[in-house]
K.L.:
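Sending over a structure as structure tokens; questions will come in a sec.
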Amino acid sequence: MRTSRPDTAFWILTALASGPQHGYGILRGVSEASQGTASLKTATLYATLDRLTASGAVEESGEEIVDGRARRYFRLTPHGRTQLESETAELEQRVAAARTALSLAVGGGARPRPTHPRSALA
């Protein structure tokens, strides 16, 4: 299932959790981590990296020249790691709530719909 609006910052932070990456490495890491459900355009990647850098979640960690082209590397900061851990915990809470709700519905524990007072008179 493809998400209609992937959380690009979450996926970028996830891709950087394993270590510093350059742009193409981040794009590949996002695709792998999301099992193909999130794909980013290059412009979106760099706009989000700029925002994450400004917030202190990511920092540049170097540059190298490969085939005459500069590769900028980015890494997760301690603040970025904390942000990713917090977002992960929030997602886990949402999943637990959904699983609980689904198990109640499957187990017949779903609450009956309340009847409107007027429908009882009919």
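In this chain, numbering begins with 1 at the start of the sequence shown. When reading the values below, keep in mind they use all heavy atoms of this one structure, side chains included, and skip hydrogens, waters and symmetry mates. Note that the coordinates shown come from a computational prediction; the quantities given were computed from them, not determined experimentally.
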K.L.:
Please report the closest heavy-atom contact between S34 and A38, naming both atoms and the distance.
P.N.:
OG-N, 3.0 Å
K.L.:
Given side chain to side chain contact (heavy atoms under 4.5 Å, CB included), test L45 with V30 step by step and report yes or no.
P.N.:
CA-CA 10 Å; L45 170 68; V30 166; 5.9 Å; no
K.L.:
Determine the minimum heavy-atom distance between A9 and R51, stating which atoms define it.
P.N.:
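A9 and R51 have their closest heavy atoms at CB-NH2, 4.3 Å.
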K.L.:
Please assess L49 against R72 for the test side chain to side chain contact (heavy atoms under 4.5 Å, CB included), listing each intermediate value before the final yes or no.
P.N.:
CA-CA 11 Å; L49 282 170; R72 285 190 302 163; over 6 Å; no
K.L.:
Hey, are R81 and E85 close enough for a salt bridge, meaning a charged N less than 4.0 Å from a carboxylate O?
P.N.:
no
K.L.:
Are the side chain of S31 and the backbone of R28 linked by a donor-acceptor contact shorter than 3.5 Å?
P.N.:
no
K.L.:
Please check if atom CD in Q35 has more than 12 non-hydrogen atoms from other residues, nucleotides or ligands closer than 6.0 Å.
P.N.:
no
K.L.:
Under the side chain to side chain donor-acceptor pair (under 3.5 Å) rule, collect the residues that match up with R75, sequence neighbours excluded.
P.N.:
E59
K.L.:
Identify the two heavy atoms, one from L84 and one from T14, that lie closest to each other, and give their separation to 0.1 Å.
P.N.:
CD1-OG1, 3.5 Å
K.L.:
Nearest 0.5 angstrom please: T8 OG1 to K41 NZ, how far?
P.N.:
13.0 Å
K.L.:
Could you report the tightest heavy-atom contact between L76 and A17, atom names first, then the distance?
P.N.:
CD2-CA, 3.8 Å
K.L.:
Can you hop from I12 to L91 via hydrophobic side chains spaced under 4.5 Å?
P.N.:
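Linked within one cluster.
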K.L.:
Could I get the full list of ring-ring contact (aromatic ring centres under 6.0 Å, His included) partners for Y73, not counting sequence neighbours?
P.N.:
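Y73 satisfies ring-ring contact (aromatic ring centres under 6.0 Å, His included) with H22 only.
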K.L.:
Before giving the answer on side chain to side chain contact (heavy atoms under 4.5 Å, CB included), spell out for I26 and F74 the whole-Å C-alpha distance, their side-chain angles and the decisive distance to 0.1 Å.
P.N.:
CA-CA 9 Å; I26 296 170; F74 297 87; 4.2 Å; yes
K.L.:
Apply side chain to side chain donor-acceptor pair (under 3.5 Å) to E32 and list each qualifying residue two or more places apart in sequence or on a separate chain.
P.N.:
none
K.L.:
Over all heavy atoms of both residues, which pair between G25 and Q21 is shortest? Give the atoms and the distance, please.
P.N.:
CA-OE1, 3.3 Å
